[in-house]
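Positions are given from 1 along the sequence.
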Amino acid sequence: MYCISIQIRPKYSQAFDQQAFLSRVRRIRSPEIDAEEEKGKLFLSFNFFTEFPKALWEDLANALYKDPEYGELISEQSLAICEDDAGDCLLLHHYDVSEKLDSL
C-alpha cells in the first residue's frame with residue numbers, strides 16, 4: 001500500500017480553503033485528513049491510500065497542480081510525497097521549484 005500525502009505549509013494552513021480542495025479531489029478519492037497543532041502551528045495533511053500510486057498521482061496532479069485556475073495557488077502552498085509500506089518516500093511536488101523531484 002502506498003500513501004500520497006499532500007501537506008499544506010503551516011503558514012497557509014489556518015486560512016487554507018479545505019472545501020475548495022476537497023471538491024477537486026473527492027471525485028478521484030476521498031482523503032484522510034490529519035490536522036495537528038504544535039507550538040501554535042497547524043500541520044495539515046491530506047492522505048490518499050492506493051495500490052496504484054502512479055495512476056492516482058496523475059489524477060491528483062491534473063486536478064490540482066496542473067489546473068489552470070487552482071494550480072498556482074496550491075503549488076505555492078503545498079508539497080506532495082509518496083510513501084510506501086517500508087517508509088521510503090518520493091518527493092512529487094515542492095513549493096520551492098528548485099527542489100529536485102522524484103517520479104513514480
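No hydrogens or angles considered: nothing links the side chains of Tyr12 and Ser78 as a donor-acceptor pair under 3.5 Å. Side chains of Ser45 and Asn47: a donor-acceptor N/O pair is absent below 3.5 angstrom, by distance only. Side-chain contact of Asn62 with Asp67: a donor-acceptor pair under 3.5 Å is absent, judged by distance alone.
The CZ atom of Phe21 sits 6.0 Å away from the OH atom of Tyr70 when rounded to the nearest 0.5 Å. Rounding to the nearest 0.5 angstrom, the gap separating the CD1 atom in Ile4 from the NZ atom in Lys54 is 12.0 Å. Atom CD of Glu83 sits about 13.0 Å away from atom CE of Met1, to the nearest 0.5 Å. Between the CD1 atom of Ile8 and the CG atom of Asp34 there is a distance of 12.5 Å, given to the nearest 0.5 Å. Atom-to-atom distance recorded for Asp96:CG and Glu76:CD is 11.5 Å, nearest 0.5 angstrom. For the atom pair CD of Gln77 and OG of Ser13, the computed distance is 9.5 Å after rounding to the nearest 0.5 Å.
When hydrophobic clusters are built by joining Ile, Leu, Val, Met, Phe, Trp and Tyr residues whose side-chain heavy atoms come closer than 4.5 Å, directly or via intermediates, Phe52 is not grouped with Phe49. Leu92 and Leu60 fall within the same hydrophobic cluster, where Ile, Leu, Val, Met, Phe, Trp and Tyr residues are linked whenever their side-chain heavy atoms come under 4.5 Å apart, directly or through other members. Two different hydrophobic clusters hold Ile6 and Leu42 under the rule that ILVMFWY side chains link at heavy-atom gaps under 4.5 Å. Linking ILVMFWY residues whenever their side-chain heavy atoms come closer than 4.5 Å, directly or via other members, leaves Ile74 and Leu79 in distinct clusters.
Annotation for Glu37: atom CD counts as buried by contact number, over 12 foreign heavy atoms lying within 6.0 Å. Residue-environment remark: CD (Glu99) exceeds the threshold of 12 foreign heavy atoms within 6.0 Å.
In plain terms, the two heavy atoms of Ala35 and Leu44 that are nearest each other are CB-CD1, 4.0 Å. The two residues Arg24 and Ala63 make their nearest non-hydrogen contact at NH1-O, 3.5 Å. For the pair Ile81 and Cys89, the tightest heavy-atom approach, listed with the atom from each and the gap, is CD1-SG, 4.3 Å. Gln18 and Phe46 get closest at one heavy-atom pair: CG-CZ, 3.9 Å. Taking both residues in full, the closest heavy atoms of Leu90 and Ser103 are given as CD1-O, 3.8 Å, listed atom of the first, atom of the second, then distance.
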Practice problem: Check the pair Tyr2 / Trp57 against ring-ring contact (aromatic ring centres under 6.0 Å, His included), numbers first and verdict last. | Solution: CA-CA 11 Å; Tyr2 296 85; Trp57 175 242; over 10 Å; no
Self-check item: side-chain contact (heavy atoms from CB on, under 4.5 Å) between Val97 and Tyr95, intermediate numbers included
Solution: CA-CA 6 Å; Val97 296; Tyr95 55 86; over 6 Å; no
Practice problem: Run the numbers on Phe43 and Lys41 for side-chain contact (heavy atoms from CB on, under 4.5 Å), then give the verdict. | Solution: CA-CA 6 Å; Phe43 293 88; Lys41 292 183 178 179; 3.9 Å; yes
Quiz prompt | Working for side-chain contact (heavy atoms from CB on, under 4.5 Å), residues Leu101 and His94 | solution = CA-CA 8 Å; Leu101 300 179; His94 198 282; 4.2 Å; yes
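Distance alone, capped at 3.5 Å, is enough to place a donor-acceptor pair between the Ser75 side chain and the Gly71 backbone. For the pair Asp102 (side chain) and Leu91 (backbone), a donor-acceptor distance under 3.5 Å is present. Under the 3.5 Å distance criterion, the side-chain polar atoms of Asp88 are left unmatched by any main-chain donor or acceptor of Asp84.
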